[in-house]
Amino acid sequence: MDSLTREIEIIQNPVLGAVLLWRFSVGYQANSTPKNLNFQLLFIVLPMLFSDDINMLIKSTQQKTGLRGFIGKFSDPKFSKTDLVDTLHIRMIEMKKLSLFSLRIAISTNLLRIDISDAYLFPCSKTEPRVGVSDSIKALMRNAEKLGSWCSELTIFEIENILKLRF
């Protein structure tokens, strides 16, 4: 196994994925009028946060900008990264197994709870871990919450159109 493959496996692991799905759900529920988190939305979290370019743009985007404003940055000549949005659907499909494995871990460790009657998810706890978490993981967690908050302001249909996806 070469060092690049090993590095990818270390970073893109299902335990980290479980934490990011949990923090996404916390951000999604953080609005004053929390909505039910649709199961399908979890499939965008890891492809977006595990893409260094997208993750850096999430970090540099203010919370109040929202998902539409964030995606607008990709067509800005300063960034010119429209291909990242265009390939998001493919990355979502490629990371489906990792997302599902991460979801299983999040549910089995009581980070998330699923209502099986309608496939809605809820965070079991909203308290952010404070001890033993590196700064880089904390930044990923903050970005997951921001992404969750942005998604909570939109319908599934709007998210599909903005991100050029089909669930």
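We number each residue from 1, following the sequence as shown. Since we're looking at a predicted model, the values are computed, not measured.
In terms of heavy atoms, I44 sits closest to C151 at CD1-SG, 3.7 Å. Residues L121 and I114 come closest through the heavy atom pair CD2-CB, 3.6 Å. Pairing each heavy atom of S102 with each of A18, the nearest pair is O-CB, 3.3 Å. Shortest non-hydrogen contact noted between L154 and I162 is CD1-CD1, 3.7 Å. In this structure, P47 and M92 approach most closely via the heavy-atom pair CG-CA, 3.6 Å.
Using a 4.5 Å cut-off on side-chain heavy atoms (C-beta onward), L57 and D53 make no contact. You'll find the side chain of L88 reaches within 4.5 Å of the side chain of M48, heavy atoms only. Counting only heavy atoms from C-beta outward, the side chains of W22 and T109 never approach each other to under 4.5 Å. Using a 4.5 Å cut-off on side-chain heavy atoms (C-beta onward), L37 and S25 make contact. Side-chain contact between K164 and H89 is absent, with no heavy-atom pair separated by less than 4.5 Å.
The hydrophobic clustering, which links ILVMFWY residues whose side-chain heavy atoms are closer than 4.5 Å, places L41 and L111 together. L103 and F122 end up in different hydrophobic clusters when Ile, Leu, Val, Met, Phe, Trp and Tyr side chains are linked at under 4.5 Å. Neither V45 nor I105 shares a network with the other; the hydrophobic side chains, linked directly or stepwise wherever heavy atoms of I, L, V, M, F, W or Y lie under 4.5 Å apart, form separate groups for each. There is no path of hydrophobic side-chain contacts, each under 4.5 Å, that joins I90 to L163.
With hydrogens and angles ignored, the 3.5 Å screen pairs a side-chain donor or acceptor of N13 with a backbone N or O of L16.
Rounded to the nearest 0.5 angstrom, I159 CD1 and L147 CG are separated by 8.5 Å. Separating the CG atom in N38 from the CD1 atom in I156 is a distance of 4.0 Å, to the nearest 0.5 Å.
Remark: F70 engages F74, W150 in a ring-ring contact (aromatic ring centres under 6.0 Å, His included) (not counting sequence neighbours). Annotation: side chain to side chain donor-acceptor pair (under 3.5 Å) contacts of T155 (sequence neighbours excluded): E158. Applying the side chain to side chain donor-acceptor pair (under 3.5 Å) test to S136 and every residue at least two apart in sequence or in another chain returns S134. Every residue was checked against the side chain to side chain donor-acceptor pair (under 3.5 Å) condition with R104, not counting sequence neighbours, and none meets it. The salt bridge (Lys or Arg N to Asp or Glu O under 4.0 Å) test applied to E153 returns no partner, not counting sequence neighbours. Every residue was checked against the side chain to side chain donor-acceptor pair (under 3.5 Å) condition with S51, not counting sequence neighbours, and none meets it. Here F39 pairs with F43 under the ring-ring contact (aromatic ring centres under 6.0 Å, His included) rule; sequence neighbours left out.
Here M56 is tied to no hydrophobic group at all, with no ILVMFWY side chain closer than 4.5 Å.
Counted by atom type alone, Q29 and S152 present zero donor-acceptor pairs between their side chains at under 3.5 Å.
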For residues 93-101, run the donor-acceptor check on the side chains, cut-off 3.5 Å, and write out each pair with its distance to 0.1 Å, sequence neighbours left out.
from	atom 1	to	atom 2	distance (Å)
S99	OG	M95	O	3.1

Exercise answer: donor-acceptor pairs, residues 139-146 side-chain atoms, under 3.5 Å, sequence neighbours excluded:
from	atom 1	to	atom 2	distance (Å)
N143	ND2	N55	O	3.2
N143	ND2	N55	OD1	2.7
E145	OE2	R23	NE	2.8
E145	OE2	R23	NH2	2.8
K146	NZ	I58	O	2.9
K146	NZ	T61	O	2.5

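Among residues at least two apart or in separate chains, side chain to side chain donor-acceptor pair (under 3.5 Å) pairs with a member in residues 110-129 are D115-S117.
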